[in-house]
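Note sheet for the following structure.
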Amino acid sequence: MSDEEPHFESKADAGASKTYPQQAGTIRKNGYIVIKGRPCKVVEVSTSKTGKHGHAKCHFVGIDIFTAKKLEDIVPSSHNCDVPHVNRTDYQLIDISEDGFVSLLTENGGTKDDLRLPTDDALLTQLKDGFAEGKDLVVSVMSAMGEEQICALKDIGPK
């Protein structure tokens, strides 16, 4: 054979799943669900009666947690739906760069520089004005299914 070690290029992450299965009938309002491949917050759930062919159906109306678009899905209540792992983390704002990225301070003292400014206009102006005034701002970052976005901000007083 050959003396060479085989080289495998690793393209996988740590294997932690971006979603977990949950029975459609157990998902409630204000929970999370994946609709059309997007993580959504459930704003409305209605369940239909069992029909001639057996299954009760759940009608979900959800709002995409990153784009705020309204999405709908109908699933038999006995079937499993994907539910995203949604995390919310607070970081202190250090800097806003010219190219639309923010620099954040993590809990362990490192920096996180890969997040864009929020797309929501009200939040964006609040963030820029607060930073320009020299306030100490803490931003809440929502992450799900490999995406991250700034979703809220708090003022913790002047520097």
Side-chain angles (χ1 to χ4, degrees), residues 8-94 96 99-108 110-131 137-156:
F8 297 107
E9 201 168 309
S10 174
K11 286 190 170 77
D13 55 12
S17 176
K18 293 175 170 62
T19 62
Y20 60 94
Q22 186 175 342
Q23 193 172 342
T26 63
I27 296 172
R28 299 282 168 246
K29 189 176 173 180
N30 293 331
Y32 295 101
I33 187 172
V34 176
I35 300 176
K36 296 182 178 86
R38 302 291 305 155
C40 298
K41 186 177 181 94
V42 179
V43 290
E44 192 183 317
V45 180
S46 55
T47 309
S48 68
K49 294 272 190 285
T50 54
K52 189 164 70 170
H53 299 291
H55 288 289
K57 300 237 186 327
C58 292
H59 177 242
F60 295 105
V61 177
I63 304 234
D64 189 315
I65 59 177
F66 297 121
T67 64
K69 282 197 174 90
K70 189 176 182 180
L71 297 164
E72 295 185 47
D73 201 7
I74 297 173
V75 185
S77 63
S78 58
H79 288 201
N80 281 347
C81 288
D82 284 335
V83 176
H85 290 285
V86 178
N87 293 317
R88 206 181 174 128
T89 319
D90 287 349
Y91 298 104
Q92 189 166 347
L93 180 69
I94 302 172
I96 299 175
D99 57 1
F101 284 86
V102 291
S103 187
L104 304 171
L105 183 68
T106 61
E107 282 180 12
N108 57 13
T111 59
K112 181 173 179 56
D113 302 310
D114 58 353
L115 260 175
R116 285 195 166 282
L117 282 166
T119 48
D120 179 30
D121 291 332
L123 189 62
L124 180 63
T125 51
Q126 208 180 342
L127 191 85
K128 282 187 169 174
D129 292 350
F131 183 72
L137 299 175
V138 171
V139 295
S140 291
V141 176
M142 184 99 76
S143 64
M145 297 175 68
E147 282 185 63
E148 290 184 309
Q149 189 175 348
I150 295 171
C151 60
L153 98 123
K154 290 186 287 231
D155 180 5
I156 56 169

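Side chains included, hydrogens not; waters and symmetry mates left out as well; all remaining heavy atoms used.
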Min side-chain heavy-atom separation [X]-[Y] under 4.5 Å:
X	Y	result
Ile65	Met142	yes
Lys112	Glu148	yes
Val42	Asn30	no
Gln92	Leu137	no
Cys40	Ile63	no
Thr106	Tyr91	yes

Query raised in the report: Would Arg38 and Glu147 pass as an ion pair if we require N to O under 4.0 Å?
Result: yes
**Report entry** Residues Lys18, Asp82: salt bridge by 4.0 Å N-O rule
**Finding:** no
So which heavy atom on [X] is nearest to which on [Y], and how close?
X	Y	answer
Leu115	Leu104	CD1-CD1, 3.6 Å
Val83	Tyr32	CG1-O, 3.3 Å
Ile74	Lys57	CG2-CD, 3.8 Å
Cys58	Ala24	SG-O, 3.9 Å

Query raised in the report: Cut-off 3.5 Å, side chains only: do His79 and Gln23 have a donor facing an acceptor?
Result: no
Requested in this report: Count the heavy atoms belonging to other residues, nucleotides or ligands that lie under 6.0 Å from NZ of Lys36, then report whether that count exceeds 12.
Outcome: yes
